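Here's the structure we're looking at; comments come further down.
Please read these numbers as outputs of a predicted model, since none were measured by experiment.
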Amino acid sequence: MTLETILPPERVLFDVPGGSKKRVLEFFSTFIAQNIPSLDSQEVFSRLIGRERLGSTGIGNGVAIPHARSPHCSAPIAGFLKLAEAIDFDAIDGDPVDLVFVLLVPEEADDTHLSLLGQVATIMNDADTRQKLRKAGSQRELLELLTAKIREQTTS
């Protein structure tokens, strides 16, 4: 399973209003519940916030990878948000976050979950990729950059 199969174009969001970690997670939860009827926005939000309470998913360099398991998730789901302005995400390096990659996986998806998190981390750990994503001027440009990086990683 690759990120490309679980990240459709409509879930790559450009210039999302930030505000706070809580607001961004609420925004995503509402958005994904509208996208996928089997998901409940409150349940998704509560699982993402619950995961944040265990430790921030802000991995540094302005990147966060909030993720959670959901019993209402039949297959992994991804979303990417480029925030309009960086926000405090309690990241490990203390830097504000403006690139957010969200993953929701089924309750029992252990290896898949770890594999997908690894793919996201590899892509987002590349300084050149982060810089290009930040310079993207439209949703389309953001999508093309992400898709190219995901494909590049899948073939290497």
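The ring-ring contact (aromatic ring centres under 6.0 Å, His included) analysis of residues 43-74, with sequence neighbours excluded, yields the pairs H67-H113. Residue pairs meeting the side-chain hydrogen bond (donor to acceptor under 3.5 Å, both in side chains) criterion with at least one member in residues 80-89: none, sequence neighbours excluded. The stretch residues 9-18 participates, sequence neighbours left out, in no salt bridge (charged side-chain N to carboxylate O under 4.0 Å, His left out) pair at all. Sorted by first and then second residue, the side-chain hydrogen bond (donor to acceptor under 3.5 Å, both in side chains) pairs with a member in residues 92-105 read D98-R134; sequence neighbours excluded.
The hydrophobic cluster containing L13 does not contain L143, counting ILVMFWY residues as joined when their side-chain heavy atoms lie under 4.5 angstrom apart, directly or transitively. Under a hydrophobic clustering in which Ile, Leu, Val, Met, Phe, Trp and Tyr are joined whenever their side-chain heavy atoms come within less than 4.5 Å, directly or via other members, I6 and L142 fall into the same cluster. Cluster annotation: V24 and I65 are assigned to distinct hydrophobic clusters (Ile/Leu/Val/Met/Phe/Trp/Tyr, side-chain heavy-atom contacts under 4.5 Å, transitive). I77 is not connected to L117 by any chain of hydrophobic side-chain contacts under 4.5 Å among Ile, Leu, Val, Met, Phe, Trp and Tyr, and they are in different clusters. Residues F101 and V16 are members of separate hydrophobic clusters, defined by side-chain heavy-atom contacts under 4.5 angstrom among Ile, Leu, Val, Met, Phe, Trp and Tyr.
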Working note: V102 + I32, criterion side-chain contact (heavy atoms from CB on, under 4.5 Å); need CA distance, chi angles, decisive distance, verdict. CA-CA 10 Å; V102 189; I32 203 66; over 6 Å; no
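Using cut-offs of 30° and 60° on the angle between ring planes, the pair F31 and F28 is tilted.
Closest approach of E52 to K21, counting heavy atoms only: OE1-NZ, 3.0 Å. Minimum interatomic distance between I87 and L83 (heavy atoms only, all atoms of both residues): CG1-CD1, 3.8 Å. The two residues S41 and A33 come nearest to each other via the heavy atoms N-CB, 3.5 Å. Here the closest non-hydrogen pair linking S29 and L48 is OG-CD1, 3.9 Å.
For the pair F89 and P96, the minimum side-chain heavy-atom distance is 4.5 Å or more. The shortest side-chain heavy-atom distance between L39 and L104 falls under the 4.5 Å cut-off. Residues V100 and P66 meet the side-chain proximity criterion, which asks for heavy atoms closer than 4.5 Å. At least one side-chain heavy atom of P76 sits less than 4.5 Å from a side-chain heavy atom of P106. Contact annotation: the side chain of L7 approaches that of L146 to within less than 4.5 Å [non-hydrogen atoms, C-beta and beyond]. A 4.5 Å side-chain heavy-atom check between V12 and L81 finds every atom pair outside the cut-off. Put simply, the side chain of F80 reaches to within 4.5 Å of the side chain of M124, judged on heavy atoms.
With respect to the salt-bridge test (charged N to carboxylate O, under 4.0 angstrom), the residues R130 and D126 do not qualify. Salt bridge annotation for R23-E26: absent, with no cationic side-chain nitrogen under 4.0 angstrom from a carboxylate oxygen.
Listed by chain and residue number, E43, E107 satisfy the salt bridge (Lys or Arg N to Asp or Glu O under 4.0 Å) test with R47 (two or more places apart in sequence, or in another chain). The salt bridge (Lys or Arg N to Asp or Glu O under 4.0 Å) test applied to R51 returns no partner, not counting sequence neighbours.
To the nearest 0.5 angstrom, Q153 atom CD is 5.0 Å from T122 atom OG1. For the atom pair CD1 of I123 and CG of L133, the computed distance is 9.0 Å after rounding to the nearest 0.5 Å. The OG atom of S46 sits 11.5 Å away from atom CG of L25, with the distance rounded to the nearest 0.5 Å.
Remark: side-chain polar atoms of Q139 are paired, donor with acceptor, to backbone N or O of P9 under 3.5 angstrom. Remark: the backbone N or O of G137 is paired with a side-chain donor or acceptor of E141 at under 3.5 angstrom.
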